[in-house]
**Student:** 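Starting off with a structure, shown below.
Letters go in sequence order (proteins before strands), and every chain restarts at 1.
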Amino acid sequence: MEPLLKIIDLHATVEGKKILNGINLEIYPGEIHAIMGPNGSGKSTLASVLAGKPGYEVTGGQVYFMGKNLLELKPEERAREGLFLAFQHPVEIPGVTLVNFLKTAVEEIYKHRGLEPPSAAQFLRLLREKKEMLEFDMKIENRSVNEGFSGGEKKKNEMLQLAVLDPKLAILDEIDSGLDVDALREVANGVNKIKNENNAFLLITHYQRLLNYVVPDKVHILYKGQIIMSGDKNLALEVEERGYDWIKNNETV
Amino acid sequence: MPTLTKNKYLTKQELIEILQNNGEPLASKNIQELAEQAISQHDIPHSKMEEWRKTSLKKLLEHTFRYGKKIDLERHVIERFNISGMYSNLLVFVNGYFVPSLSRLLDSSDIVVFSNMAEARSMFPQVFDKYYNRTEAHKVNLFAALNTRYAADGAFVLIKDNVKVKNPVHIYFFSDGEDQKIISQTRNLIIAGAGSKASVLLSYHPLSTDYMYNNSVTEIFVEHDAYMDFNIFQGEGYDSFHTNLVNVEVERGGQFYSHTISLCGEIMRNDLRVRFNGPEAYAELNGLAMPDHDQVHDNTLFVHHKSGGSISRQFYRNIVDNNARAVFYGKVLIDKGAKKSEAYQLNNNILLTTTAKVHSKPHLIIYNDDVAASHGSTTGQIDREALFYMQARGISEKKARTLLLQAFANEVLNKIQIDTYKFYVKTLIRKRLQGEKVEMLCAKLGQCRFEPDYE
Ligand SMILES: Nc1ncnc2c1ncn2[C@@H]1O[C@H](COP(=O)(O)OP(=O)(O)OP(=O)(O)O)[C@@H](O)[C@H]1O
Ligand SMILES: [Mg+2]
């Protein structure tokens, strides 16, 4: 089987500063991966590079997404191919309603996939179905994207967009931070419902508690821009208990 | 006929010679004399004058404009400027001349008098004499003085006391002249009787020439407890010029709303001056300008709180492309006796290129302590983070930019009160931002030049 995502020796800099120093990672359809690591280790940078954020310069390595050279694609092309990034800090977009925003996104993605874009009514039905599936009862569709949303609402909004856009690979950057216990469960249940054998998730997190609900197939520890250890779900438990020091020390062995 | 052989720019005398050939003036002998004195005192505005520091008129003074012909247009010629779904009382002017055959009155003439100025002067001499130039337009600048002295026609709207006018009043100003440089000089008078309510739209369009120069003055009287929703749509051709003065007086409890939309034109200079004569008056001045290429769009506002308990709000936004320039100069003066006044000013700007410029100067002058006031001004680029967020959802960069700029514009446009017109403007702006042809803004179909020059 082909990997969905294949990262080979990826190096990247931001403003001349080396942040990613040789990342190797393969994610196959049907898998859930988790990336953990201390603050500033490069987790969000990896997500940004994969999503194509301007300002991040790839200085070495390759990334293939479903066999295609991901790094050649514009951010919007990556999204249309089926890559989704749930942002650690979702941006507020004053004056653009969530409905308008998401409908535009759906239209572009459907067009790319050769599908007839949904009518306004069909789109609203799709949005309602996904909200029901996620058991979100917030009324945000006619508000400006993320504007004045609470921290939790912003994270749920990312999940809702994920559900509507139905990507192949979803990267969730700290989707669990700032969520109360109920919201955390809702979001985790959402991941479990959306997950199937054709798609995959990459969860960036600091805490084991998300992984109680969403069981990862693999857990990676990112440190100074490299994956210095990989393991199964038990690695996350160990990190929770012991912190990162023992791994950092291990690194030099 | 002055020519420009010796000097590159028109002199004041040459300007006067051009503007005086306007036919029988509206002004009484007395006002003509006052205006003439003012003309002799005013200079052509230049950069040493406080309110003209950032807007040079050199480009205007390079051209020799002439008055256009009096033309009886057929209705189909102006059909492309129809605002879909907007059913309005219509007054149509071409080259400054009134075209009765294209005008129509929907609402009863018992409640609203709706006509051209030349006729109003003979039909309602008392009203005319009471209001004409009561705001002393000739004192504002040379152009307004010339208008006061020489203007021969314009729109006259008189809304009787306590009348709520159902349909908007739409006044069209076209320039027609087969690529010639056409000047129109119009003088409008709008009187909202006590307790009345109405929406008025003045719109300016090119018919067969992109070179049009409008020198217009509009006086508006909002009598006590009246409600006036006033709109200006500047959709003039590409190489057009407009020196535009709107002088407003608001009496006790009166409410004045204005929406000034400038989408095109080489130099668009709008002076909007509001005076609160009575207490508890309200004025809300909104505007959007989108200069492109080397254009300059200048909104210079002056609100004078002469009376207490009054509220004024200024909310202007500019989207500036290419080498263009936007000017916002918003002055508010609150007199000593005008206690419990409130004044708010907000100006937001987006520069689309590194060579675009904006000059923003909110300016509050307050002579008593019992006042609530604030002013703010922001200038920036398109929000890159928001752009990327949208791209990360599959939306193309161009589309994302359009959505963001539309959203920015909409905060002003959403204040427009005539729904059909609001929709019309939003559609035009969307097209312009997408770089589509916007034929309503061009004299020659198929010759529209709008390309966003994003960097
Ligand atoms: N745009 C930028 N400009 C300058 N430095 C940056 C930029 N983006 C990231 N960095 C730096 O790169 C390093 C990695 O940041 P990154 O956000 O990837 O860390 P992280 O692992 O996601 O941390 P956290 O757990 O705190 O979210 C940090 O030192 C950060 O300051
Ligand atoms: Mg991070």
**Student:** I want to check something: taking the side chain as every heavy atom from C-beta on, are Phe233(B) and Leu201(B) in contact at a cut-off of under 4.5 Å?
**Tutor:** yes
**Student:** Could you tell me which of Ala105(A), Pro167(A), Gly95(A) has the largest number of non-hydrogen atom pairs under 4.5 Å with chain B?
**Tutor:** Ala105(A)
**Student:** Does Gln122(A), at its CD atom, have more than 12 non-hydrogen atoms belonging to other residues, nucleotides or ligands within less than 6.0 Å?
**Tutor:** yes
**Student:** Between Leu202(A) and His33(A), is there a side-chain heavy-atom distance shorter than 4.5 Å?
**Tutor:**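 SC-SC contact between His33(A) and Leu202(A) confirmed.
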**Student:** For Val106(A), which atoms come within 4.5 Å of any heavy atom of chain B: side chain, backbone, both, or neither?
**Tutor:** neither
**Student:** Answer yes or no: is there a donor N or O on one side and an acceptor on the other, between the side chain of Glu129(A) and the main chain of Leu126(A), under 3.5 Å?
**Tutor:** no
**Student:** Side chain from CB out, backbone as N, CA, C, O: work out which of these in Pro90(A) comes under 4.5 Å of a heavy atom of chain B, or both, or neither.
**Tutor:**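 It is both, since atoms from each part get that close.
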**Student:** Looking at Phe136(A), does the NZ or CZ of Lys156(A) lie under 6.0 angstrom from its six-membered ring centre and within 45 degrees of the ring axis?
**Tutor:**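 Yes.
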**Student:** Look at the side chain of Lys131(A) and the backbone N and O of Asp137(A), then say whether any donor-acceptor pair between them is shorter than 3.5 Å.
**Tutor:** no
**Student:** What distance separates Glu174(A) CD from Asp176(A) CG, expressed to the nearest 0.5 Å?
**Tutor:**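 It comes to 6.5 Å.
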**Student:** Give every donor-acceptor pair between chain A and chain B closer than 3.5 Å, one pair per line, or write none.
**Tutor:**
{"residue": "Lys53(A)", "atom": "NZ", "partner": "Glu385(B)", "partner atom": "OE1", "Å": "3.1"}
{"residue": "Lys53(A)", "atom": "NZ", "partner": "Glu385(B)", "partner atom": "OE2", "Å": "3.4"}
{"residue": "Glu76(A)", "atom": "OE1", "partner": "Gln391(B)", "partner atom": "NE2", "Å": "2.7"}
{"residue": "Glu76(A)", "atom": "OE2", "partner": "Glu397(B)", "partner atom": "N", "Å": "3.3"}
{"residue": "Arg80(A)", "atom": "NE", "partner": "Gly394(B)", "partner atom": "O", "Å": "2.9"}
{"residue": "Arg80(A)", "atom": "NH2", "partner": "Gly394(B)", "partner atom": "O", "Å": "3.2"}
{"residue": "Leu85(A)", "atom": "O", "partner": "Arg393(B)", "partner atom": "NH1", "Å": "2.8"}
{"residue": "Leu85(A)", "atom": "O", "partner": "Arg393(B)", "partner atom": "NH2", "Å": "3.0"}
{"residue": "Asn146(A)", "atom": "ND2", "partner": "Tyr389(B)", "partner atom": "OH", "Å": "3.3"}
{"residue": "Glu158(A)", "atom": "OE1", "partner": "Arg393(B)", "partner atom": "NH2", "Å": "2.8"}
{"residue": "Glu158(A)", "atom": "OE2", "partner": "Tyr389(B)", "partner atom": "OH", "Å": "2.3"}
{"residue": "Gln161(A)", "atom": "OE1", "partner": "Arg393(B)", "partner atom": "NE", "Å": "2.5"}
{"residue": "Gln161(A)", "atom": "NE2", "partner": "Tyr389(B)", "partner atom": "OH", "Å": "3.0"}

